[in-house]
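Since we're looking at a predicted model, the values are computed, not measured.
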Amino acid sequence: MSCLRRMGLCALLFISRTLCAQHNDIVAIKHALPRLTDSADYADALNRISSLYLPRQLDSSGADARRANELSERIHYSKGQRDALRGMGRYYALRPHRYLSFLFYDNALAACRAAGDSAGVTVSLMNIGTFYQYQQKHVEAQHYINKALKVAWDAGLDSLRAWVLVSYYLINESDSTALPVAQKALKQAINLTHRYNDAPGILYTRLFAAHEQLRAGETRKAEETLKETMAAAGSAGFNYIAMYACMQLTGYCIWQRKADSLLYQRKSVDYAVAGGYTGLMLPVITGLYNTCLQSGDTPQANGYSRLALGVMQQQQEDMQAGEADYLSYAFGDEWLDSLRLQHHSQREQLSFNKAANHFWYYQLLIIAGIAILLVVLLTYYVRAHRLSRKNAASMATLQEEIRLGNKALQDNDDFKNKLISMIAHDFRTPLYNIVNITGFIDEKALTVTDAASMIVQVEHTASDTLVIFEEILRWIRTQLSGFVYHPKIFLLEEMISATANALQHLLAAKDIRLSIDIPAGTTVQADYEMLQFIHRNFLHNAVKFSPDYGVITIKAIRKNNWLTVSFADEGSGIDAAVLPHLFNWNSHTSEPERAGKGAGLALIICKDFIDKMNGKIKAENNYEEGSTFYYQLPESPETA
């Protein structure tokens, strides 16, 4: 049930009081938009549409939230910007890019507190609490949820308090000591949603009422409640709630070992596609893909494969767009603050100068006209000189800030480009392998035995690829705000074995033997995913340029406080003209068509990763045949 509980927490990230409206409200507001002449009213209408679309169609919700944010920022409309920040937080929560969601919610919380917006503070506190629950920080989650309940209670926000109570239930229902209080909170939430005729709230709380029925042993009654909820949500266009009900039914069927679980899984994916929530369903889509492959349903498997690939591409695009949205918002605020401060300073300076001029004017008027003229000219000169120096200093400071900002953006952009290239390098070969094998099977050009063997190979390749993808994805999530190097100690032999297993199909294809000479217990202190990327790249290149039945030798040597790891092959070696520039970016960009000469951008990323880990990297041709790639890292302690 942990998957269902995570989806329930995710649902609470998009709740707001406006969800009580139906589809007709969306149509009515859209028809009214062209007649709105006040920009603030227009921004409010966009925010309203965004919240109404959230349980129906995620893409439309995100687009309207962005439009509302841009308009509110342009006209300096604080309420519209607060609502838009929460809308963008809800959108990125369901993609899911929860780190970006947290950033928008955190800024929304600060803005709502400054404006005294109790409802906005309640929603922001609730969603930050659920974010911490995702991070398995239960104490912090409890802190924020309790604060949200207090604000909702003190402000008399009963309809909104229902959603906070549901959040409280989801965070505490797995804790046996807090379960009675959580169940009481759920009952109060159900009563409040019925009191305010909150249609989505009634449907949503019925999902958890079914869970309590199951806990009480009323399995059939729980299933009937979920089926009725799914039908009602689907007919009303609430794709998210219908998808959630399907997944909950899937969990019940799996628990009871019923065959209906596959049917409900497919229905949940259909609702996710209709509403744009496929990012949340990637594990389910992957599972259906594997199931179809095992059952021999190749067309259906291909469909789920394309859907999974589309989800991963969409997540990458959303990540880039989300970072741009947040940077635009953050730098926009800093620029406005700078302009306001400059305006205030200039007004004070003008006021001071005006008073000083009047003082001197009236004092010197008594002395003589000529003295007045001289003093005025001198004052004007001094004032002009000071203003000139101040403007020059301000301009220099502003230019330096812009330069540093541009450098930070360039560094982040370069790092993201390397991440994209890293992912492309690690997944291109296995994905092409899967596509080619499935193509052979689809063309029916193989015997049953060969097809079965290839299907097993596809399964192994896909499983290995998924493992690598999950490892890289976890690493990328820790690097969203820029590179941070946190080295840990690992057993080198285990890392090399994992790399060899991932590329076993390439070794087997050319009957290449690995000779691994690593002393037992040898450890390395590094970033795991960076170093594994280097291992995979070095071994992949060694396989690529080795002859059939060749030997690839991997050695590790400790010497002079350095650990040296080498990959030697028996291939044709490296072109002497290319070797000095093998890890050089400019060389790669000036000769992109050099076939078979080095490993291209991947080796450049390898050097960048080694530099970040304070190591060294090089390559050389062997004395007789082949080439050897090395890297060196500072020696780590002896134990992992």
Side-chain angles (χ1 to χ4, degrees), residues 1-15 19-20 55 126-127 129-130 133-134 136 138 141-142 145-146 148-149 152-153 158-234 236 238 240-258 260-261 264-265 267-268 271 280:
M1 294 299 174
S2 61
C3 178
L4 300 175
R5 184 165 169 266
R6 288 197 298 271
M7 290 183 65
L9 283 170
C10 191
L12 287 167
L13 291 171
F14 68 76
I15 299 304
L19 282 182
C20 296
M126 178 182 67
N127 288 300
T130 57
Q133 185 68 15
Y134 268 113
Q136 298 182 352
H138 188 71
Q142 278 282 15
I145 290 301
N146 290 337
L149 277 171
W153 182 273
D158 284 349
S159 60
L160 189 56
R161 187 160 59 93
W163 294 102
V164 185
L165 288 168
V166 175
S167 178
Y168 183 91
Y169 167 80
L170 281 168
I171 290 175
N172 291 282
E173 62 90 15
S174 60
D175 185 352
S176 59
T177 60
L179 179 59
V181 179
Q183 290 172 330
K184 184 178 179 181
L186 178 61
K187 291 179 181 178
Q188 292 179 8
I190 293 172
N191 292 335
L192 287 171
T193 55
H194 281 85
R195 181 190 304 172
Y196 291 96
N197 196 26
D198 183 352
I202 292 171
L203 291 173
Y204 191 63
T205 53
R206 287 178 65 184
L207 298 175
F208 307 111
H211 189 61
E212 288 302 314
Q213 290 170 349
L214 181 68
R215 194 195 302 273
E218 301 174 348
T219 305
R220 180 169 297 179
K221 188 175 180 180
E223 290 181 356
E224 290 301 321
T225 300
L226 287 177
K227 290 177 182 178
E228 292 172 1
T229 303
M230 178 183 67
F238 294 119
Y240 186 89
I241 297 177
M243 178 189 74
Y244 186 99
C246 286
M247 285 305 299
Q248 199 164 338
L249 279 168
T250 299
Y252 291 177
C253 290
I254 292 174
W255 177 64
Q256 298 177 76
R257 298 182 179 179
K258 290 184 177 181
D260 292 345
S261 62
Y264 290 120
Q265 279 185 330
K267 282 188 176 182
S268 67
Y271 283 119
L280 295 169

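Phe208 CZ to Ile190 CD1: the interatomic distance, rounded to the nearest 0.5 Å, is 10.0 Å. In this structure, Ile202 CD1 and Leu207 CG are separated by 12.5 Å, a value rounded to the nearest 0.5 Å. Between the CE atom of Met243 and the CG atom of Leu280 there is a distance of 5.5 Å, given to the nearest 0.5 Å. If you take OH on Tyr169 and OG1 on Thr205, they are separated by 11.0 Å, rounding to the nearest 0.5 Å. Rounding to the nearest 0.5 angstrom, the gap separating the OG atom in Ser268 from the CD atom in Gln248 is 12.5 Å.
For the pair Ala242 and Ala233, the tightest heavy-atom approach, listed with the atom from each and the gap, is N-CB, 3.7 Å. Glu223 approaches Leu249 most closely through the heavy-atom pair O-CD2, 4.0 Å. What you find for Ile254 and Ser261 is that their closest heavy atoms are CG1-CB, 3.6 Å. Contact record, Ile241 with Pro200: CD1-O, 3.8 Å, taken as the closest heavy-atom pair. For the pair Leu179 and Glu173, the tightest heavy-atom approach, listed with the atom from each and the gap, is CD1-O, 3.5 Å. Contact record, Ala209 with Leu186: N-CD2, 4.2 Å, taken as the closest heavy-atom pair.
Using cut-offs of 30° and 60° on the angle between ring planes, the pair His211 and Tyr252 is parallel.
In this structure the side chain of Arg161 reaches within 4.5 angstrom of the side chain of Leu165, judged on heavy atoms. Two residues are said to be in side-chain contact when any heavy atoms from C-beta on lie closer than 4.5 Å; Tyr204 and Trp163 meet this criterion. Looking only at side-chain heavy atoms (C-beta outward), Tyr168 and Gln142 come within less than 4.5 Å of each other.
Under the salt bridge (charged side-chain N to carboxylate O under 4.0 Å, His left out) criterion, Glu228 pairs with Arg206, sequence neighbours left out.
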- Item | Stepwise side chain to side chain contact (heavy atoms under 4.5 Å, CB included) test for Trp153 and Leu149 | CA-CA 6 Å; Trp153 182 273; Leu149 277 171; over 6 Å; no
- Can you list the steps and then say if Asn172 with His138 is a side chain to side chain contact (heavy atoms under 4.5 Å, CB included)? CA-CA 9 Å; Asn172 291 282; His138 188 71; 3.8 Å; yes
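Thr219 and Gln256 share no donor-acceptor pair across their side chains, judged by distance under 3.5 Å alone.
Here side chain to side chain donor-acceptor pair (under 3.5 Å) pairs that include residues 182-192, with residues two or more places apart or in two chains, are Gln183-Glu212.
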